[in-house]
Amino acid sequence: MPKKTFKRLDEEKKERVLRSAIEEFQAHGFEGAKIDIIAQKADVAKGSIYQYFDDKKALFLYSINWTMEQLMKLINDATPLKEMDVFEYFLSGNRDRLRLVMKEPLLISYSVDFSSGKFGSLTEDINKQLKEISNSYELSLIAKGKEKGTIRKDMDDEVLLLFLQGVAEKFNNRTLEIAKNFTEEPTDAEMDEMQNLMENMVKLLKKGMGEL
């Protein structure tokens with residue numbers, strides 16, 4: 001996690017440091033990434049990076065957390081959860097969501113890489129961090145579904161979470177892989193493929209999690 005000195009920076013400077021770090025990790029992997037290059041791209045002194053983070057690993061792991069936060073914020077800005085049910089949420093505004101997320105090709109590519117095990121030696125640490133992020137978010141979706149009466153109440157939240165993650169993980173990875181290969185505005189056919197994937201995922205979720 002970042003130190004207090006990083007937390008006190010203005011948002012523009014925080015983002016500049018993190019995007020510079022992501023570019024370097026994405027291009028050279030964790031071992032090959034250089035702190036001095038990150039500092040140079042971010043227009044800060046090399047020593048400042050160590051005032052912001054304990055070491056390169058702390059910066060790397062926080063860059064993953066920040067990437068997920070940014071992508072989730074883009075999605076939620078397009079279709080706020082508010083009073084939506086979990087199934088409605090997955091299906092709503094997919095085209096708008098995709099077009100927004102496509103504005104962040106670096107973050108999409110980075111998320112595909114760290115989710116798929118590219119950073120080998122750090123996979124265990126990455127997975128632990130991703131699990132913490134996803135558990136909190138998805139448990140809130142389950143709770144909302146139970147409140148609205150669309151998710152079955154006869155099963156424990158943790159069991160429902162396992163099912164949700166098992167289905168959603170594979171579909172989400174496939175969606176990111178497709179989006180990563182877009183070089184320009186998605187065609188109607190590509191958008192239809194993404195929509196079809198999402199609809200099939202929701203069918204599986206409703207079958208297993210929907211109120212009987």
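Residue numbers count from 1 along this sequence. Quantities reported herein were computed from a predicted structural model and do not represent experimental measurements.
- Below 30°, between 30° and 60°, or above 60°: for Tyr110 and Phe60 the angle between ring planes is above 60°, a perpendicular geometry.
- The line from CG of Leu205 to CG of Leu141 is 10.5 Å long, rounded to the nearest 0.5 Å.
- Within the 3.5 Å criterion, the main-chain N or O of Asn196 finds a donor-acceptor partner in the side chain of Asn200.
- Note on Leu162 and Phe87: separate hydrophobic clusters, where clusters join Ile, Leu, Val, Met, Phe, Trp and Tyr whose side-chain heavy atoms are under 4.5 Å apart, directly or indirectly.
- The closest donor-acceptor contact from the side chain of Ser136 to the backbone of Ile133 lies at 3.5 Å or more, if one exists at all.
- The line from CZ of Phe6 to CE of Met1 is 10.0 Å long, rounded to the nearest 0.5 Å.
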| request: Report the C-alpha separation of Lys146 and Leu160 in whole Å, then their side-chain angles, then the decisive distance to 0.1 Å, and conclude whether the side-chain contact (heavy atoms from CB on, under 4.5 Å) test is met. | output: CA-CA 11 Å; Lys146 283 189 172 184; Leu160 291 167; 3.6 Å; yes
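- Ser115 contributes no side-chain N or O that, together with a main-chain N or O of Val112, makes up a donor-acceptor pair within less than 3.5 Å.
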Which pairs of donor and acceptor atoms, one on a side chain in residues 29-38, lie under 3.5 Å apart (sequence neighbours left out)?
none

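- Counting heavy atoms from C-beta on, the side chains of Val167 and Met209 never come closer than 4.5 Å.
- Follow the hydrophobic side-chain contacts under 4.5 Å out from Ile142 and you reach Met155 in the same cluster.
- Once rounded to the nearest 0.5 Å, the distance linking OG of Ser109 with NZ of Lys118 reads 7.0 Å.
- Between atom CG of residue Leu164 and atom CG of residue Leu139 there is a gap of 9.0 Å, rounded to the nearest 0.5 Å.
- Taking all atoms of both residues into account, the shortest heavy-atom contact from Pro2 to Tyr62 is CD-CD1, 3.4 Å.
- Rounding to the nearest 0.5 angstrom, the gap separating the CG atom in Asn127 from the CD atom in Glu132 is 11.5 Å.
- A heavy-atom distance below 4.5 Å is found between the side chains of Trp66 and Glu15.
- No donor-acceptor contact under 3.5 angstrom links the side chains of Gln129 and Asn65, judged on distance only.
- Atom CD of Gln195 is separated from atom CG of Asp192 by 8.0 Å, given to the nearest 0.5 angstrom.
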| request: Report the C-alpha separation of Glu12 and Arg16 in whole Å, then their side-chain angles, then the decisive distance to 0.1 Å, and conclude whether the salt bridge (charged side-chain N to carboxylate O under 4.0 Å, His left out) test is met. | output: CA-CA 6 Å; Glu12 186 277 332; Arg16 197 167 72 238; 2.7 Å; yes
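- Annotation: side chain to side chain contact (heavy atoms under 4.5 Å, CB included) contacts of Asp156 (sequence neighbours excluded): Glu158, Val159.
- A salt bridge does not link Glu104 with Lys73: none of the charged nitrogens is closer than 4.0 Å to a carboxylate oxygen.
- Side-chain contact between Met198 and Met201 is present, with heavy atoms from C-beta onward closer than 4.5 Å.
- Residue pairs meeting the side-chain hydrogen bond (donor to acceptor under 3.5 Å, both in side chains) criterion with at least one member in residues 37-60, sequence neighbours excluded, are Lys57-Asp125.
- Counted by atom type alone, Gln165 and Glu138 present one or more donor-acceptor pairs between their side chains at under 3.5 Å.
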| task | May I have the step-by-step check of side-chain contact (heavy atoms from CB on, under 4.5 Å) for Lys128 and Lys131, ending in yes or no? | result | CA-CA 5 Å; Lys128 180 180 178 181; Lys131 184 177 180 181; 5.8 Å; no
| Derivation and outcome, side-chain contact (heavy atoms from CB on, under 4.5 Å), residues Thr67 and Leu71 | CA-CA 6 Å; Thr67 295; Leu71 293 177; 4.2 Å; yes
| task | Give the C-alpha distance, both sets of side-chain angles, the deciding distance and a yes or no for side-chain contact (heavy atoms from CB on, under 4.5 Å) between Leu122 and Phe114. | result | CA-CA 9 Å; Leu122 291 169; Phe114 64 63; over 6 Å; no
